[in-house]
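Just follow the structure's listing: the first ligand is 1, and inside any ligand the first atom is 1. Given the structure is predicted, the values throughout are model-derived calculations rather than measurements. Residue indices begin at 1 and follow the sequence shown.
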Amino acid sequence: MDPIHITSEIGKMKTVILKRPGKEIENFTPRMMSRLLFDETPYLPIAQKEHDTFASVLKQYGVNVLYLEKMAKEALNHGGPQVKSAFLDRMLTESNYPSGVIHDALKEYLNSMDTQTMVNKIIAGVRKNELHIVYNDLASSVSDNPYPFYMDPMPNIYFTRDMSAFIGNGVSINHMTFAARKRESLFNELILNYHPMFEGQNIPVWRNRNHTYSHIEGGDEQVLSEHVIAIGISQRTTAKAIQEMAQKLFQKSSFNKVIAIQIPHNHAMMHLDTVFTMVNYDQFTMYPGILNQNDDINIYVLTPGKDGKIEYKHRTNLKQTLKDALHLSELDIIPTGNGDPIMAEREQWNDGSNTLTIAPGTVITYDRNYVSNRLLKEHGINVITVPSSELSRGRGGPRCMSCPVVRADI
Ligand SMILES: NC(=O)NCCC[C@H](N)C(=O)O
């Protein structure tokens, strides 16, 4: 079996990568929140408890749960001192210290820790009062302002869905949109290159993180079947990135159709999976607010054309487009909040459309979205709920908090 195997969004989940929330989610102030893409200041002990419940539900259903922070440590230890040094240089460069006295001091500080503490520290952020640096050059002296951090925390990293996505037997390691999240995928790159689970396995990289003008995030990438992938054109994923990805997938994989779905560009629905997810062979959830007054939405269906070119067709009927692509005669689209405009908007905000399917027709959702959950059950879905008062403050749900590596074929 390949170390990576994702041919659907719903096949029985075998292996998943999570990140347990740590100090990073309480190492910021209300003034930093919007830049760090948070809407609140979570209470860490409860967030951890809720996350542990989420992990234990996955384990009860037979999923092998891996932790990103532990895999990063294992990759660094396996790679040895040179890999560790290069990783720190890259992380410091992307934290705006490519060289100089601050770079050197931070590197020495981080290197003095055992590897797991170092990984956790990078994620939690480094405050200025943790080390005493004597500035000896203009650039460093000028950066000596009242801002309390040398390295910002990475509070969004528990949304492991977004920094990378496993697709088929390969991976996309994502160049993310906002500065608050860009460094996160350095961990995914490290794990792919040096973790014993992946190292030396020639894993196809459908797209790497070295892009400047286009970006993509895993919340927008959904494998619908072994031939079809849906990708959101969103606040976080550009049409150019989708086109580049389609080109690579059409050349080197079994995928021959990309359904690009254009969703509104705003923080409440930053990724496709905040408004649309697949929950069974022929069932999806959808937030009705993404459709216009005629129940239309802009969809572009990309297929391989002549001479390596890509053809695309504009469509507007989501249901029919999905039925055609998945060869289904019927399709059930279950509206978030049962279509009630107030409940739909409230529950979408708290990730009511962000269901995580762990087997066909079995999903994990947040308990707080009781209207959407009830409706899912009425449509025959087996709904397992997890507590969510603190986890939801980061604007992501069960799908966002999971990065599946292996699923059984459907
Ligand atoms: N796939 C997802 O929708 N992930 C949720 C990401 C939430 C995070 N606060 C962000 O804005 O990136």
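Judged as a side-chain contact (heavy atoms from CB on, under 4.5 Å), and not counting sequence neighbours, the contacts of A165 are I167, S172, E221. By the side-chain contact (heavy atoms from CB on, under 4.5 Å) test, H314 is found to be paired with N298, Y300, T316, residues two or more places apart in sequence or in another chain being considered.
The backbone N or O of V371 sits less than 3.5 Å from a side-chain atom of E347, completing a donor-acceptor pair.
Ring pair F250/F255: centre-to-centre distance not below 6.0 Å.
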Please step through side-chain contact (heavy atoms from CB on, under 4.5 Å) for the pair R183 and S95, ending with a clear verdict. CA-CA 8 Å; R183 293 172 302 159; S95 304; 3.1 Å; yes
Please output the side-chain donor-acceptor pairs of residues 38-46 that fall under 3.5 Å, not counting sequence neighbours, one pair per line with the distance.
unit_1, atom_1, unit_2, atom_2, d
D39, OD2, H267, NE2, 3.2
D39, OD2, R395, NH1, 2.9

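Under 4.0 Å from any atom of ligand 1, one finds heavy atoms of residues L37, N156, F159, D162, R181, G219, R236, H267, M270, H271, D273, T274, G394, R395, G396, C400.
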